[in-house]
**Student:** 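Sharing a structure below in structure tokens format, with a few things to ask.
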Amino acid sequence: MSDKLKVGILGGTGMVGQRFISLLENHPWFEVTTIAASPRSAGKTYQEAVGDRWKMTTPMPEAVRDIVVMNVNEVEKVASQVDFVFSAVDMTKEEIKKIEEDYAKTETPVVSNNSAHRWTPDVPMVVPEINPDHMKVIEFQKKRLGTTRGFVAVKPNCSIQSYAPVLTAWKEFEPYEVVATTYQAISGAGKTFKDWPEMVENIIPYIGGEEEKSEKEPLRIWGEIKDGVIVPATTPVITCQCIRVPVLNGHTAAVFVKFKKKPTKEQLIEKLVSFKGLPQELKLPSAPTQFIQYLEEDNRPQVKLDVDFENGMGISVGRIREDSVYDWKFVGLSHNTVRGAAGGAVLCAELLKAQGYITKK
């Protein structure tokens with residue numbers, strides 16, 4: 001019997017669910033033993049349920065092909081099979097909130113890729129390199145849920161990964177005003193070019209709900225725990241536009257920043273390349289060794305060249321230069337379905353295990 005933790009994937013047939021499954025193949029700590037999805041997929045093998053909708057570039061892992069998919073709504077039954085679950089279910093926000101808490105109440109930790117609980121005051125929303133201390137709010141959440149080991153933890157929106165870590169690295173210079181435009185890949189909508197042919201050679205200047213998330217979620221990550229809830233920071237003020245572009249994977253951000261303390265370009269670069277967090281100290285399995293890289297070339301970062309930096313878990317930054325209206329500007333790039341989605345959630349789960357929140361049942 002494996003001594004790895006038994007993992008369930010809720011919503012395992014969708015694009016993010018597939019990314020979880022591919023990332024967890026041969027994981028040193030976690031093993032996918034259970035996959036749950038909608039009632040229409042339940043009772044089929046995983047291979048049958050996904051059919052020709054496997055969207056990863058690597059083949060479906062052998063270990064999951066014959067797993068019989070369970071009905072995600074049979075909460076007690078699914079929860080009894082696993083030590084914890086990753087959630088990537090495709091439901092309404094209210095349905096997601098309820099089902100994730102229902103799983104938590106079975107004493108099963110839930111690490112979610114969904115946005116439903118990102119503003120629940122006692123649910124930690126974590127980028128492990130930035131705010132690992134927010135996991136402490138779990139103790140207050142458990143009291144509310146009446147659990148001893150069950151809880152919900154979430155990762156933030158994929159769009160902020162290309163600039164929030166950068167601004168965190170520059171915190172001591174006190175950024176107070178930020179303008180960001182994100183150029184977001186179609187996989188962020190769970191699509192490929194085959195599914196979405198109208199995106200070929202096209203740009204759509206609107207992604208529902210994305211701008212509000214991009215402006216507000218970094219402030220929650222930079223917030224602090226007070227009286228058992230996370231209180232968001234009030235600065236910097238961020239304004240954002242989010243644009244869908246004809247790229248498969250990789251969100252790029254063009255960002256302008258005003259600082260209270262004026263840094264030099266050399267200081268900015270030094271802070272980026274030396275920025276480390278708890279995942280690097282603990283050497284967590286999915287943690288990038290180099291969290292942020294700086295590229296000197298004028299034409300970098302590029303999606304084709306840089307999106308897979310550190311297996312998609314690193315952030316690439318380039319074009320730091322002085323601005324005529326703001327103080328400095330830069331371009332950032334992150335992998336939206338690895339660091340921005342499933343990979344970020346896997347790293348959160350590794351952190352939770354290291355902190356003692358996720359254990360064997």
Side-chain angles (χ1 to χ4, degrees), residues 1-37 46-47 50 54-70 78-79 81-89 103 108-114 126-129 132 135 149 151-155 158 161 249 277-291 308-314 335-361:
M1 187 68 197
S2 167
D3 59 355
K4 292 183 184 181
L5 291 167
K6 292 191 283 188
V7 178
I9 312 284
L10 311 181
T13 57
M15 193 172 205
V16 175
Q18 291 177 26
R19 179 69 76 183
F20 272 120
I21 281 163
S22 60
L23 287 175
L24 291 167
E25 186 179 17
N26 304 317
H27 192 281
W29 296 358
F30 306 145
E31 183 178 1
V32 177
T33 58
T34 303
I35 299 169
Y46 185 64
Q47 194 167 12
V50 171
W54 180 254
K55 297 181 182 189
M56 301 297 105
T57 52
T58 51
M60 183 184 288
E62 288 289 339
V64 299
R65 290 179 180 211
D66 296 325
I67 290 177
V68 176
V69 177
M70 298 179 75
V78 175
Q81 310 282 313
V82 295
D83 295 311
F84 77 101
V85 295
F86 286 111
S87 174
V89 289
Y103 273 91
T108 305
V110 178
V111 181
S112 179
N113 184 70
N114 295 306
V126 171
V127 176
E129 285 87 352
M135 296 301 192
R149 76 186 289 284
F151 61 85
V152 179
V154 300
K155 52 140 290 290
C158 52
Q161 312 285 338
N249 293 310
L278 196 54
Q280 285 72 36
E281 286 170 37
L282 296 172
K283 293 188 165 55
L284 298 177
S286 300
T289 308
Q290 179 77 34
F291 181 33
D308 292 319
F309 171 61
E310 289 280 10
N311 299 313
M313 290 297 286
H335 196 307
N336 56 296
T337 67
V338 183
R339 167 58 77 164
V346 171
L347 190 59
C348 282
E350 292 169 359
L351 177 64
L352 287 160
K353 178 187 182 296
Q355 291 174 325
Y357 291 104
I358 294 179
T359 56
K360 275 192 171 290
K361 274 187 182 171

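In what follows, every heavy atom counts, from backbone to side chain, and hydrogens, waters and symmetry copies are set aside. Being a predicted model, the structure only gives us computed values, none of them experimental.
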**Student:** What pair of heavy atoms forms the shortest contact from Gly344 to Lys155, and how long is it?
**Tutor:**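 The pair with the smallest heavy-atom distance is C-CD, 4.3 Å.
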
**Student:** Any side chain to side chain donor-acceptor pair (under 3.5 Å) involving residues 335-344? Give me the pairs, sequence neighbours left out, ordered by first then second residue.
**Tutor:**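 Pairs touching residues 335-344 that pass the test: Arg19-Thr337, Glu129-Arg339, Ser187-Asn336.
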
**Student:** Would you say Gln161's side chain and Cys158's backbone share a donor-acceptor pair under 3.5 angstrom?
**Tutor:**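 Not confirmed, Gln161 side chain does not pair with Cys158 backbone.
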
**Student:** List, one per line, each side-chain donor-acceptor pair under 3.5 Å for residues 57-66, sequence neighbours excluded.
**Tutor:**
| unit_1 | atom_1 | unit_2 | atom_2 | d |
| --- | --- | --- | --- | --- |
| Arg65 | NE | Met60 | O | 3.1 |
| Arg65 | NH2 | Met60 | O | 3.0 |

**Student:** Between Lys360 and Leu5, is there a side-chain heavy-atom distance shorter than 4.5 Å?
**Tutor:**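 Counting from C-beta outward, Leu5 and Lys360 do come under 4.5 Å.
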
**Student:** Less than 4.5 Å apart, any side-chain heavy atom of Phe30 and any of Asp83?
**Tutor:**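 A side-chain contact is absent here, since even the closest heavy-atom pair is not under 4.5 Å.
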
**Student:** Within this structure, what is the CZ-OH distance for the pair Phe151 and Tyr103, rounded to the nearest 0.5 Å?
**Tutor:**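 One finds 16.0 Å between CZ of Phe151 and OH of Tyr103.
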
**Student:** What pairs of residues pass the side chain to side chain donor-acceptor pair (under 3.5 Å) test when at least one of them lies in residues 25-35, not counting sequence neighbours?
**Tutor:**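 As it turns out, the side chain to side chain donor-acceptor pair (under 3.5 Å) pairs with a partner in residues 25-35, which skip direct neighbours, are Ser2-Glu31, His27-Glu350.
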
**Student:** Not counting sequence neighbours, which residues clear ring-ring contact (aromatic ring centres under 6.0 Å, His included) with Phe86? List them please.
**Tutor:**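 Partners of Phe86 by the ring-ring contact (aromatic ring centres under 6.0 Å, His included) criterion, ordered by chain and then number, come out as Phe20, Phe84.
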
**Student:** Atom CG in Leu23, atom CG in Asn311: separation rounded to 0.5 Å?
**Tutor:**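 These two atoms lie 9.0 Å from each other.
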
**Student:** Does the pair Gln18 and Val50 meet the rule for a side chain to side chain contact (heavy atoms under 4.5 Å, CB included), with working shown?
**Tutor:** CA-CA 9 Å; Gln18 291 177 26; Val50 171; 3.9 Å; yes

**Student:** Going from CD on Gln355 to CG on Leu282, what distance comes out if it is rounded to the nearest 0.5 angstrom?
**Tutor:**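 Output value for this atom pair is 8.0 Å.
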
**Student:** Any chance you could measure Gln280, atom CD, to Thr289, atom OG1, to the nearest 0.5 Å?
**Tutor:**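 Gln280 atom CD to Thr289 atom OG1 measures 8.0 Å (nearest 0.5 Å).
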
**Student:** Could you pull out the closest heavy-atom pair between Val89 and Gly11, with the gap in Å?
**Tutor:**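 Taking every non-hydrogen atom into account, CG1-N, 3.8 Å.
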
**Student:** Of all heavy-atom pairs between Val110 and Ser87, which one has the smallest distance, and what is that distance?
**Tutor:**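 In terms of heavy atoms, the two residues are closest at CG1-CB, 3.9 Å.
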
**Student:** Restricting to side chain to side chain donor-acceptor pair (under 3.5 Å), what partner residues turn up for Lys4, sequence neighbours left out?
**Tutor:**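 Listed in chain order: nothing, the list is empty.
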
**Student:** Only counting residues at least two apart or in another chain, list the ones meeting salt bridge (charged side-chain N to carboxylate O under 4.0 Å, His left out) with Lys55.
**Tutor:**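 With sequence neighbours excluded, Lys55 shows a salt bridge (charged side-chain N to carboxylate O under 4.0 Å, His left out) to Asp195, given in chain and number order.
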
**Student:** Given 3.5 Å as the limit, does a donor-acceptor pair link the side chain of Lys361 with the main chain of Val82, or not?
**Tutor:**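 Pair found, side chain donor or acceptor close to backbone of Val82.
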
**Student:** Return the minimal non-hydrogen interatomic distance between Asn113 and Ala342, and the atom names on each side.
**Tutor:**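 Closest heavy-atom pair between Asn113 and Ala342: OD1-N, 3.9 Å.
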
**Student:** Testing Leu347, Val126, Ile358 for side-chain contact (heavy atoms from CB on, under 4.5 Å) with Leu352, which one passes?
**Tutor:**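 So the option named by the test is Ile358.
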
**Student:** Can you find a heavy atom in the side chain of Met135 that is under 4.5 Å from one in the side chain of Leu351?
**Tutor:**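 Yes, their side chains come closer than 4.5 Å.
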
**Student:** Search all heavy atoms of Cys348 against all heavy atoms of Val111 and return the closest pair with its distance.
**Tutor:**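 Result for this residue pair: CB-CG1, 4.2 Å.
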
**Student:** Does a side-chain heavy-atom distance below 4.5 Å link Ile9 with Leu24?
**Tutor:**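 SC-SC contact between Ile9 and Leu24 confirmed.
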
**Student:** Looking at Ile21, Val68, Val32, which hits side-chain contact (heavy atoms from CB on, under 4.5 Å) with Tyr46?
**Tutor:**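 The side-chain contact (heavy atoms from CB on, under 4.5 Å) with Tyr46 is passed solely by Ile21 among Ile21, Val68, Val32.
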
**Student:** Is a donor on one side and an acceptor on the other found under 3.5 Å between the side chain of Gln81 and the backbone of Gly8?
**Tutor:**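 Not at all, since once roles are kept as given, no pair shorter than 3.5 Å links the two residues.
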
**Student:** Just by distance, do the side chain of Gln290 and the backbone of Glu310 share a donor-acceptor pair under 3.5 Å?
**Tutor:**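 No, the answer is negative, given that no donor and acceptor are paired below the 3.5 Å cut-off.
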
**Student:** For Ile35 and Ile67, which heavy atoms make the closest approach, and how far apart are they?
**Tutor:**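 Shortest heavy-atom separation between Ile35 and Ile67 comes out as N-CG2, 4.1 Å.
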
